[in-house]
S.K.: 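Mind having a look at this structure? Questions to follow.
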There are 2 protein chains.
Amino acid sequence: MANQSNGASAISRAVRILEAFSYEAPFLTLTEIAQRSGIPLSSTQRIVTELVGHQLLERMPDRSYRMGNRLWELGTRTPGAIGLREIALPYMHAVQARVRQHVQLSVRSNLDVLVIERISARDAVVNASIVGGRIPLQHSAGGILLLAAAGDEVLRGVLRRGLQPLTPDGIQNEAELRHAIATAEREGYAIASGRIFSGSRGLAVPVRGVQGVVVGTLTIVEPNDESSPMPRIELLRRAAAGVSEALVRSYLPPGHPDAPPGGAYRSLVRSSESSMEYLEHLLPPLAVR
Amino acid sequence: MANQSNGASAISRAVRILEAFSYEAPFLTLTEIAQRSGIPLSSTQRIVTELVGHQLLERMPDRSYRMGNRLWELGTRTPGAIGLREIALPYMHAVQARVRQHVQLSVRSNLDVLVIERISARDAVVNASIVGGRIPLQHSAGGILLLAAAGDEVLRGVLRRGLQPLTPDGIQNEAELRHAIATAEREGYAIASGRIFSGSRGLAVPVRGVQGVVVGTLTIVEPNDESSPMPRIELLRRAAAGVSEALVRSYLPPGHPDAPPGGAYRSLVRSSESSMEYLEHLLPPLAVR
DNA sequence: ATCTTCCTCCCGTTCAACGGAAGGTTCAAC
DNA sequence: GTTGAACCTTCCGTTGAACGGGAGGAAGAT
């Protein structure tokens, strides 16, 4: 015998099981789930069966499991990420139509950058990010901006975790990190050259919501060549200004003629529009290269 | 005394709480959550606190809660919906560039159509669907196709739930539903005129994966006018064929030179491409109106 | 036919979950 | 400043849902 439970709540176990799945391993057998989550097989079986019942997991014909549609559906109701995404999408398309590279929208999630949307070109440079993926704040241009906006506690968290540079050009120590943050704050944009891959760099500007608070960043990932990135920074700035304006406008409608202080985010507009003239209209012509 | 638990598992309670949030009510206070989910306040408090710890919920400065980024992130790992979405997106853009209306991608989730992606024009007709939203199968053109592909048990489920037509043009009885399904099967497309709103109609074609199995549908929602929808059906057909081909191709890479029978869906390609020439390339010019 | 791997079910034990109630906190109105 | 109402947090004794080892069953490989 000796079957006392081990101090983990049912919910945390369920989350552990869900998190066993990843982009690299989207299909797992029961045994694999048990191993990855460190939960005994029979308990795993019980919880997994319940999750399948709720359609948070789905069983495939070959008996493996994958994440269920309901999970995706619930995620879809997340207003923070999704509201911003829908508002930013047309602007991202407009940017992408001018620079044929990756254009990304990210927010901060704890100590990481969380990529909310990405639009890519076929011939764009290699890029570590995928939608729904995470990158430690210190590695990315957008992360530096988000770090600058987040305040000291988050910075301490990043330092505590360790900088772990990915390339020789990565940020090696606290002084370099603080310098990068100060520069980003002063200039209002960030450039990260070869910090993730030597051949690419990220250009990022902040996206601001009500009262100028930084809610995310727009990023271009492009080849790390000799060309000046400044025209593209300017393009990003205009796009971010457009997104901010649309975002702030989206806060108002539900009755109040002005932004209510307590419940400003209680309503978000969803509308993804798309057509070339419309994109032209969003971002007037501008030489970017 | 008298505090026995009431027969609901912790996980099902957590799900009930998450499902209290919706597109219409993305921000809820603790009391509202308790009311909507029917769980006693103090229990709600305990579970909600735990969910916040896992970042499945997030607490706002005004003490209300919303869904957390982690939930969105987990949903992102759902390969079924997301893999298909990423593959279909460029084709959807290509269709949208020609018909200035709503273009939607949906899959079946139980007895409902689940809208995975939607691209809209500013001046498009009214449309009930939102991304992540559900519509009972019998109400939509795509739903009829998915119903045709799903087999008898699902059909029985729909009949058991009741048809509940939304308009006078909606499907009123079993005979009409069976007729619509038979027609869709014979023709390979479905048209639903005024079944959701009198002023609009849906045109849908199936998207097929390996071995021709229907994995979803592409739909155009357009004004319910006198024009013949056939050119747009043809456009959808070509787009669906392109998606199917890209989808089937995406199953193969991970080693095997041919589709492995047991683990065909073990890998999915993610890449969203976008540029006008590319869209032109995907779908050759075609008069649609 | 045999072996291995993976899965399902059973069941006695126990502790995490349960929720009523009491006490705080917040905010607005007057 | 005071009052009141709405909303939230914490406490704690009770208890049944969750727990997991183990036996037995499927499925697939050799």
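In the text below, chain A, chain B and the rest are named by the order of the sequence lines, each starting its count at 1. Side chains included, hydrogens not; waters and symmetry mates left out as well; all remaining heavy atoms used. A quick note: this is a predicted structure, and the numbers were derived from the prediction, not measured.
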S.K.: Please give, in whole Å, the distance from D:dA26 P to A:R63 CZ?
M.R.: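 Going from A:R63 (CZ) to D:dA26 (P), I get 10 Å.
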
S.K.: Expressed as a whole number of angstroms, how long is the span from B:D62:CG to C:dT26:C1'?
M.R.: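 Spelled out: CG on B:D62 to C1' on C:dT26 is 12 Å.
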
S.K.: Checking B:E50 now: which residues fulfil salt bridge (Lys or Arg N to Asp or Glu O under 4.0 Å) with it, not counting sequence neighbours?
M.R.: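 None.
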
S.K.: Should B:R85 and A:E117 count as an ion pair when the cut-off is N to O under 4.0 Å?
M.R.: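 A:E117 and B:R85: salt-bridged.
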
S.K.: Among pairs that include at least one residue of residues 128-138 of chain B, which meet salt bridge (Lys or Arg N to Asp or Glu O under 4.0 Å), considering only residues two or more places apart or in two chains?
M.R.: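 Passing the test, one end in residues 128-138 of chain B: A:E73-B:R134, B:D112-B:R134.
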
S.K.: How long is the gap from CG on B:L155 to CD on B:Q138, to the nearest 0.5 Å?
M.R.: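 One finds 10.0 Å between CG of B:L155 and CD of B:Q138.
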
S.K.: Taking only Lys NZ, Arg NE, NH1 and NH2, and the carboxylate oxygens of Asp or Glu, determine whether A:R70 and B:E19 approach each other closer than 4.0 Å.
M.R.: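 Yes, charged N to carboxylate O under 4.0 Å.
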
S.K.: From CE of A:M60 over to P of D:dA27, roughly how many Å is that when rounded to an integer?
M.R.: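 Value for this atom pair: 18 Å.
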
S.K.: Using whole Å, report how far CG of A:L41 lies from C1' of D:dG22.
M.R.: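 Whole-Å distance recorded here is 11 Å.
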
S.K.: Walk me through whether A:W72 and B:I116 qualify under side-chain contact (heavy atoms from CB on, under 4.5 Å).
M.R.: CA-CA 9 Å; A:W72 175 84; B:I116 281 181; 4.2 Å; yes

S.K.: Could you check how far CD1 of A:I39 sits from P of D:dG20, rounded to whole Å?
M.R.: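 After rounding, the reported distance stands at 8 Å.
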
S.K.: For the side chain of A:P40, starting at C-beta, report the closest nucleotide among C:dC6, C:dG20, D:dG20.
M.R.: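 For the A:P40 side chain, the nearest candidate turns out to be D:dG20.
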
S.K.: Measuring to OP1 and OP2 of C:dT8, would you say a side-chain N or O of A:R59 lies under 4.0 angstrom away?
M.R.: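 For A:R59, the contact criterion (side-chain N or O under 4.0 Å from OP1 or OP2 of C:dT8) is met.
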
S.K.: Using salt bridge (Lys or Arg N to Asp or Glu O under 4.0 Å) as the criterion, list what pairs up with A:R59, not counting sequence neighbours.
M.R.: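 Checked A:R59 against salt bridge (Lys or Arg N to Asp or Glu O under 4.0 Å); zero matches.
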
S.K.: Could B:E174 and B:R178 be called an ion pair, given the rule that one side-chain N must be under 4.0 Å from one carboxylate O?
M.R.: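 Salt bridge flag = yes for B:R178 with B:E174.
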
S.K.: Calculate the interatomic distance between B:F27 atom CZ and D:dC7 atom P; express it in whole Å.
M.R.: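 To the nearest whole Å, that distance equals 18 Å.
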
S.K.: Note down the inter-axis angle between the two ends of the helix from C:dA1-D:dT30 to C:dC30-D:dG1, five pairs each, to the nearest 10°.
M.R.: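 End-to-end axis angle: 50°.
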
S.K.: I need the CZ-C1' distance between A:R13 and D:dG20, as an integer number of Å.
M.R.: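 Taking atom C1' of D:dG20 as the reference, CZ of A:R13 is at 9 Å.
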
S.K.: With sequence neighbours left out, what residues match A:E185 under salt bridge (Lys or Arg N to Asp or Glu O under 4.0 Å)?
M.R.: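 With neighbours one apart ignored, the set is empty.
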
S.K.: Would you kindly compare A:A10 and A:L30 by the position of their nearest DNA chain C nucleotide and give the one closer to the 5′ end?
M.R.: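 Residue closer to the 5' terminus by nearest nucleotide: A:L30.
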
S.K.: D:dC8, D:dG20, C:dT8: which one has an atom nearest the side-chain heavy atoms of A:Y65?
M.R.: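 Minimum distance to the A:Y65 side chain belongs to C:dT8.
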
S.K.: Rounded to the nearest angstrom, tell me the gap between atom CD1 in B:I33 and atom C1' in C:dG19.
M.R.: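 Checked: the CD1 to C1' distance equals 17 Å.
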
S.K.: Which of residues 42-51 of chain B sit near DNA chain D, with a heavy atom under 4.0 Å from it?
M.R.: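 Correct list: B:S42, B:Q45.
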
